[in-house]
**Q** 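Before anything else, here's the structure in question.
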2 protein chains.
Amino acid sequence: MNKNRGRPRGRPATKARIAEKARALFLAHGYQGTTLRAVAAAADVDVALIGYHFGSKQGLFGEAMNIDCGRSTAIVRALDGDPAYLAERLVDAVTALWEEPDGAGFAALEPVAMRDEDVMRVFREFLEREVLGRIADHLGGRHARERATAAVAVLGGLIFTRYLNPLGPVVALDAADVRRILAPALRAALHGRTVPVRAHRLPARLSRTA
Amino acid sequence: MNKNRGRPRGRPATKARIAEKARALFLAHGYQGTTLRAVAAAADVDVALIGYHFGSKQGLFGEAMNIDCGRSTAIVRALDGDPAYLAERLVDAVTALWEEPDGAGFAALEPVAMRDEDVMRVFREFLEREVLGRIADHLGGRHARERATAAVAVLGGLIFTRYLNPLGPVVALDAADVRRILAPALRAALHGRTVPVRAHRLPARLSRTA
DNA sequence: CCTGGATATTCAACGCTGATGAATAAAAAC
DNA sequence: GTTTTTATTCATCAGCGTTGAATATCCAGG
């Protein structure tokens with residue numbers, strides 16, 4: 001009568017394996033693009049076991065993507081340290097600012113923040129004065145303010161797509177992933193590199209598309 | 001033999017009625033929250049008729065939301081052409097999308113957009129489905145989705161800091177300036193470069209500050 | 001007027017999704 | 001040694017978007 005049913009022998013870390021495979025699939029294909037059956041197949045497990053361990057797809061998502069952040073620091077302090085990793089520290093500072101564990105982060109005012117004009121103005125001033133201004137001062141040089149503006153645009157993009165108007169694929173990342181994939185862009189913004197190849201021919205080429 | 005089947009008498013504007021009801025439902029419940037069967041029921045029509053008129057759910061969304069012509073396709077068209085200037089074309093496509101001269105751009109819904117949860121949701125789905133998905137498909141390769149996510153974060157930053165919650169220094173730029181200072185960041189995001197120097201020492205260095 | 005294609009509509013089914021209750025086997029508690 | 005708790009599979013559900021076929025009306029050519 002016996003099939004593969006019932007509790008298996010030993011203590012296989014099945015739940016952890018499911019979460020691990022789920023995380024990889026969520027990162028690769030996004031939330032909608034990842035089916036529970038695909039996760040179950042990757043973990044070599046029945047679909048129903050996911051429901052047993054995690055309750056629902058959202059429960060699996062929440063647990064698999066569990067943000068491990070436990071950092072708290074201001075943007076300004078990110079300016080100190082090795083200039084080579086300034087971009088990484090700035091990205092980390094933004095994520096840490098929201099995802100502070102003890103409810104002290106900006107995450108508290110997340111849900112309704114977008115509809116409140118006052119909150120948005122606070123935001124604007126924070127980005128413009130605190131972030132942009134300090135970054136520009138720190139960078140120095142001829143085009144410091146332009147480069148700082150680009151950097152703030154990138155950081156604002158992180159804030160916008162992850163917290164204020166959260167996009168699934170951005171939320172799916174943990175803080176380390178965010179740093180990894182966004183730091184290169186922020187570094188390019190900070191360094192203010194121009195077009196690396198054949199820059200002089202750019203405008204003519206682009207005039208048609210724009 | 002006759003049922004309710006076949007072409008009805010007269011010239012009922014069925015297609016327009018479907019799009020109209022669909023638009024209301026998309027705004028009320030979002031893309032995922034709106035089922036084709038609900039739309040069909042609201043329009044007093046069979047589900048299959050939607051497929052006949054609009055091809056797919058995405059087609060219905062595009063037509064109902066008027067983002068099919070010259071809007072989402074502007075992003076798609078930017079994908080064609082010299083890969084070396086893909087970043088420039090994408091930045092231009094976003095600015096052009098808002099700053100279309102004849103009032104046809106997104107600028108029309110700008111003032112109230114931020115406070116309207118429904119508009120934001122549509123916007124979110126536009127970014128996630130139309131922009132991120134198409135960029136990921138176009139890039140291909142192993143980390144295509146990650147790189148597309150980074151790119152959308154950068155483009156979202158432009159949208160956020162220039163249009164939705166306008167920051168003075170960003171608004172002060174013209175379209176050419178925006179392209180010049182933001183294209184390097186977007187290019188880095190698209191190429192998905194990792195840390196250029198001493199990458200292996202990164203985690204230890206950051207653990208203190210972050 | 002008649003006829004034949006083009007058009008618009010419903011019907012019926014498919015394969016897939018996420019979810020759930022029941023059966024079962026091992027482990028843990030008593 | 002028995003009972004309870006835990007982990008797992010199986011079988012099935014309703015709902016989803018999509019598709020092929022049937023059917024009724026419109027419209028153009030004779």
Side-chain angles (χ1 to χ4, degrees), chain A residues 1-26 28-65 168-169 172, chain B residues 1-26 28-65 68 121-122 125 128-130 133 137:
Chain A
M1 236 20 29
N2 145 358
K3 288 295 166 60
N4 301 329
R5 245 148 142 158
R7 181 173 188 154
R9 317 228 161 198
R11 311 293 312 270
T14 313
K15 186 175 180 181
R17 194 174 71 243
I18 294 175
E20 178 189 341
K21 298 290 187 179
R23 182 169 205 280
L25 286 172
F26 278 136
H29 308 113
Y31 183 81
Q32 300 292 341
T34 302
T35 71
L36 291 187
R37 280 168 174 82
V39 173
D44 197 34
V45 144
D46 189 273
V47 197
L49 192 57
I50 299 178
Y52 173 75
H53 278 305
F54 303 94
S56 67
K57 188 180 184 181
Q58 302 233 6
L60 171 65
F61 184 80
E63 216 155 320
M65 297 300 173
Chain B
M1 217 64 344
N2 151 348
K3 292 292 167 55
N4 303 329
R5 247 146 138 159
R7 181 170 187 157
R9 318 228 162 198
R11 317 294 312 271
T14 313
K15 186 175 179 181
R17 193 175 72 244
I18 293 174
E20 179 188 341
K21 298 290 188 180
R23 183 166 209 283
L25 287 173
F26 278 135
H29 306 114
Y31 183 81
Q32 299 291 341
T34 301
T35 72
L36 290 186
R37 282 167 172 83
V39 173
D44 198 33
V45 146
D46 189 273
V47 197
L49 192 58
I50 299 178
Y52 174 76
H53 279 303
F54 302 95
S56 66
K57 187 181 185 180
Q58 303 213 358
L60 172 64
F61 183 80
E63 218 156 316
M65 294 303 179
D68 55 333
R121 181 173 41 224
V122 169
E125 283 161 358
E128 192 164 336
R129 231 171 21 79
E130 299 290 328
D137 289 344

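Lettering of chains follows the sequences in order, A, B, ..., and the numbering in each one begins at 1.
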**Q** When you check the phosphate oxygens OP1 and OP2 of D:dT6, does a side-chain N or O of A:H53 lie under 4.0 Å from one of them?
**A**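 False: A:H53 side-chain N/O out of range (4.0 Å or more) of D:dT6 OP1/OP2.
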
**Q** Who passes side-chain contact (heavy atoms from CB on, under 4.5 Å) against A:T35, sequence neighbours left out?
**A**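 Applying side-chain contact (heavy atoms from CB on, under 4.5 Å) to A:T35 gives A:R37, A:A38.
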
**Q** Think A:T14 has a side-chain N or O under 4.0 angstrom from the OP1 or OP2 of D:dT8?
**A** yes

**Q** Could you go step by step and tell me if A:F26 and A:L60 meet the side-chain contact (heavy atoms from CB on, under 4.5 Å) rule?
**A** CA-CA 10 Å; A:F26 278 136; A:L60 171 65; 4.2 Å; yes

**Q** Take the protein atom CG of B:N4 and the nucleotide atom C1' of D:dA22, then report the distance between them rounded to whole Å.
**A**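 Taking CG of B:N4 and C1' of D:dA22, I get 14 Å after rounding.
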
**Q** In whole angstrom, give the distance that lies between atom NZ of B:K15 and atom C1' of C:dT9.
**A**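 Going from B:K15 (NZ) to C:dT9 (C1'), I get 14 Å.
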
**Q** Grab the CZ-C1' distance between B:F54 and D:dG17 for me, whole Å please.
**A**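 For the pair B:F54 CZ and D:dG17 C1', the rounded distance is 15 Å.
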
**Q** Report, one pair per line, the protein and nucleotides 19-21 of chain C atoms (nitrogen or oxygen only) whose separation is under 3.5 Å.
**A**
{"residue": "C:dA19", "atom": "OP2", "partner": "A:K57", "partner atom": "N", "Å": "3.0"}

**Q** Just jot down the side-chain contact (heavy atoms from CB on, under 4.5 Å) partners of A:P12, sequence neighbours excluded, or say none.
**A** A:P8, A:T14

**Q** Measuring to OP1 and OP2 of C:dT7, would you say a side-chain N or O of B:R7 lies under 4.0 angstrom away?
**A** no

**Q** Would you kindly give the CD1-to-C1' distance between B:I50 and C:dT10, to the nearest whole Å?
**A** 13 Å

**Q** Strictly below 4.0 Å: does A:T35 bring a side-chain N or O up to OP1 or OP2 of C:dC16?
**A** no

**Q** How close or far is atom P of D:dC16 from atom CG of B:L60, stated in whole angstroms?
**A**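 Interatomic distance, CG of B:L60 to P of D:dC16: 15 Å.
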
**Q** Going by the rule salt bridge (Lys or Arg N to Asp or Glu O under 4.0 Å), which residues pair with B:K57 if we only count those two or more places apart in sequence or in a different chain?
**A** none

**Q** Enumerate, atom names and distances included, each donor-acceptor pair closer than 3.5 Å involving a side-chain atom of residues 39-54 of chain A, sequence neighbours excluded.
**A**
{"residue": "A:D46", "atom": "OD1", "partner": "A:A48", "partner atom": "N", "Å": "2.8"}

**Q** For B:E20, give me all partners under side-chain contact (heavy atoms from CB on, under 4.5 Å), at least two apart in sequence or on another chain.
**A** none

